[in-house]
Undergrad: 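Quick one: the structure is below, and I'll ask about it shortly.
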Amino acid sequence: MKILLLRMLGNDLPGIHGEEQTYNNLKFTLENEPVMQDTDKGYILNRIVDDKARERLKKLLSKHNVAVWEIPFELESYHKLPKVEVEELKTIIRLCGKHEVNVSGLIDKIQKLTHLHNLYIVNNNGCRNKCLELGEEGEYDWCLPFDSNSY
């Protein structure tokens with residue numbers, strides 16, 4: 001049986017992840033995960049926005065001599081998304097400071113305004129599909145796409 005285990009490495013999202021959570025989790029995994037019989041491992045850099053963070057991840061992966069693929073963050077594609085009305089966002093943020101305002105309703109508005117942008121940056125399903133494509137191309141019996149926070 002031939003198995004491919006792929007970890008998807010994405011952007012650290014403020015408020016959800018620690019500032020270097022992806023890097024720290026990757027370092028821990030590379031240093032502590034045992035070799036698994038009949039299992040190839042690889043990593044996909046998934047639309048990492050920050051050039052320094054991406055290069056740091058690449059350097060760590062290179063040091064451990066593992067297979068790496070990349071789904072690039074393309075600024076041109078990002079700019080083709082519908083424009084977020086900055087003034088509307090500023091108004092929502094100003095309203096959040098007032099006690100009589102429904103904060104959860106304002107947060108919902110922010111999420112709706114930035115929904116497509118968040119989907120582009122996070123790209124979970126696109127990256128999972130890439131994992132499955134790689135598994136199929138390599139004729140693996142099993143392809144296991146893991147989030148970077150999975151040990």
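Keep in mind that what you see is a predicted model, and the values were worked out from it rather than measured.
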Undergrad: Are Val68 and Tyr23 linked, directly or through intermediate hydrophobic residues, by side-chain heavy-atom contacts shorter than 4.5 Å (ILVMFWY only)?
TA: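 Yes, same cluster.
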
Undergrad: How many angstroms lie between CD in Glu76 and NZ in Lys80, if you round to the nearest 0.5 Å?
TA: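 It comes to 7.5 Å.
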
Undergrad: With heavy-atom distances below 4.5 Å as the criterion, would you say the side chains of Val66 and Lys41 are in contact?
TA: no

Undergrad: Which atom pair, heavy atoms only, marks the closest approach of Pro145 to Cys143?
TA: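 Taking every non-hydrogen atom into account, CD-O, 3.3 Å.
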
Undergrad: Dump the intermediate steps for side chain to side chain contact (heavy atoms under 4.5 Å, CB included) on Leu45 and Leu61, then the final yes or no.
TA: CA-CA 10 Å; Leu45 298 172; Leu61 290 162; 4.2 Å; yes

Undergrad: Can you find a pair of side-chain heavy atoms, one from Leu30 and one from Tyr43, that are under 4.5 Å apart?
TA: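 The answer is yes, as the side chains (C-beta and beyond) meet within the 4.5 Å cut-off.
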
Undergrad: Do Ser62 side-chain atoms and Leu60 backbone N/O form a donor-acceptor pair below 3.5 Å?
TA: no

Undergrad: Closest heavy-atom contact between Thr22 and Gly10?
TA: OG1-O, 3.4 Å

Undergrad: Looking at Asn65, I'd like to know if its CG atom is crowded, meaning that more than 12 non-hydrogen atoms belonging to other residues, nucleotides or ligands lie closer than 6.0 Å.
TA: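 Open.
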
Undergrad: Between the main-chain N or O of Ile3 and the side-chain N or O of Asp141, is there a donor-acceptor pair closer than 3.5 Å?
TA: no

Undergrad: Counting neighbours of NZ on Lys112 that are heavy atoms of other residues, nucleotides or ligands and sit closer than 6.0 Å, is the number greater than 12?
TA: no

Undergrad: Check whether any side-chain heavy atom of Met36 lies under 4.5 Å from a side-chain heavy atom of Leu5, and answer yes or no.
TA: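 Touching, per the 4.5 Å side-chain cut-off.
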
Undergrad: Crowded around His64 NE2? As in, over 12 foreign heavy atoms under 6.0 Å?
TA: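 Enclosed.
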
Undergrad: Show, in sequence, the C-alpha distance, side-chain angles and deciding distance for Asp40 and Tyr140, and conclude whether the side chain to side chain contact (heavy atoms under 4.5 Å, CB included) test is met.
TA: CA-CA 9 Å; Asp40 293 331; Tyr140 287 89; 2.5 Å; yes

Undergrad: What's the shortest heavy-atom distance between Met8 and Cys131, and which atoms?
TA: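 Result for this residue pair: CG-SG, 3.8 Å.
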
Undergrad: Nearest 0.5 Å, what's the CG-CD distance between Leu9 and Glu70?
TA: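 With rounding to 0.5 Å, CG (Leu9) is 10.5 Å from CD (Glu70).
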
Undergrad: Could you see if Ile121 belongs to whatever hydrophobic cluster contains Leu81? Use Ile, Leu, Val, Met, Phe, Trp, Tyr and a side-chain cutoff under 4.5 Å.
TA: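 Looking at the clustering, Leu81 is in the same group as Ile121.
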
Undergrad: Is there a path from Leu6 to Trp142 through hydrophobic residues (I, L, V, M, F, W, Y) whose side chains come within less than 4.5 Å of each other?
TA: no

Undergrad: More than 12 non-hydrogen atoms from neighbouring residues, nucleotides or ligands closer than 6.0 Å to CD on Glu55, yes or no?
TA: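 Above 12, so yes.
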
Undergrad: Less than 4.5 Å apart, side chain to side chain, heavy atoms only: is that true for Tyr120 and Glu74?
TA: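 Sidechains of Glu74 and Tyr120: in contact.
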
Undergrad: Is there a side chain to side chain contact (heavy atoms under 4.5 Å, CB included) between Ile44 and Leu134 once you walk through the steps?
TA: CA-CA 10 Å; Ile44 298 180; Leu134 292 168; 3.9 Å; yes

Undergrad: Does any non-hydrogen side-chain atom of Glu33 lie less than 4.5 Å from one of Arg7?
TA: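 Contact flag for Arg7/Glu33 side chains = yes.
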
Undergrad: Do Phe73 and Ile48 have side-chain heavy atoms sitting under 4.5 Å apart?
TA: no

Undergrad: Hey, could you give me the CD/CG distance between Glu31 and Leu26, rounded to the nearest 0.5 Å?
TA: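 Between Glu31 CD and Leu26 CG, I get 9.0 Å after rounding to 0.5 Å.
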
Undergrad: Parallel, tilted or perpendicular for Tyr78 and His117, by the 30°/60° rule?
TA: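 Geometry flag for His117 against Tyr78: perpendicular rings.
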
Undergrad: May I have the step-by-step check of side chain to side chain contact (heavy atoms under 4.5 Å, CB included) for Asn125 and Leu119, ending in yes or no?
TA: CA-CA 9 Å; Asn125 287 335; Leu119 287 178; over 6 Å; no

Undergrad: Quick check for you: to the nearest 0.5 Å, what is the distance between Glu136 atom CD and Leu4 atom CG?
TA: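 Glu136 atom CD to Leu4 atom CG measures 12.0 Å (nearest 0.5 Å).
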
Undergrad: Do Trp69 and Ile71 touch side chain to side chain, with heavy atoms closer than 4.5 Å?
TA: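 They are not in side-chain contact.
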
Undergrad: Does Glu139, at its CD atom, have more than 12 non-hydrogen atoms belonging to other residues, nucleotides or ligands within less than 6.0 Å?
TA: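 No.
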
Undergrad: Let me confirm one number: the CG-CZ distance from Asn123 to Arg128, rounded to the nearest 0.5 Å.
TA: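 Asn123 atom CG to Arg128 atom CZ measures 10.0 Å (nearest 0.5 Å).
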
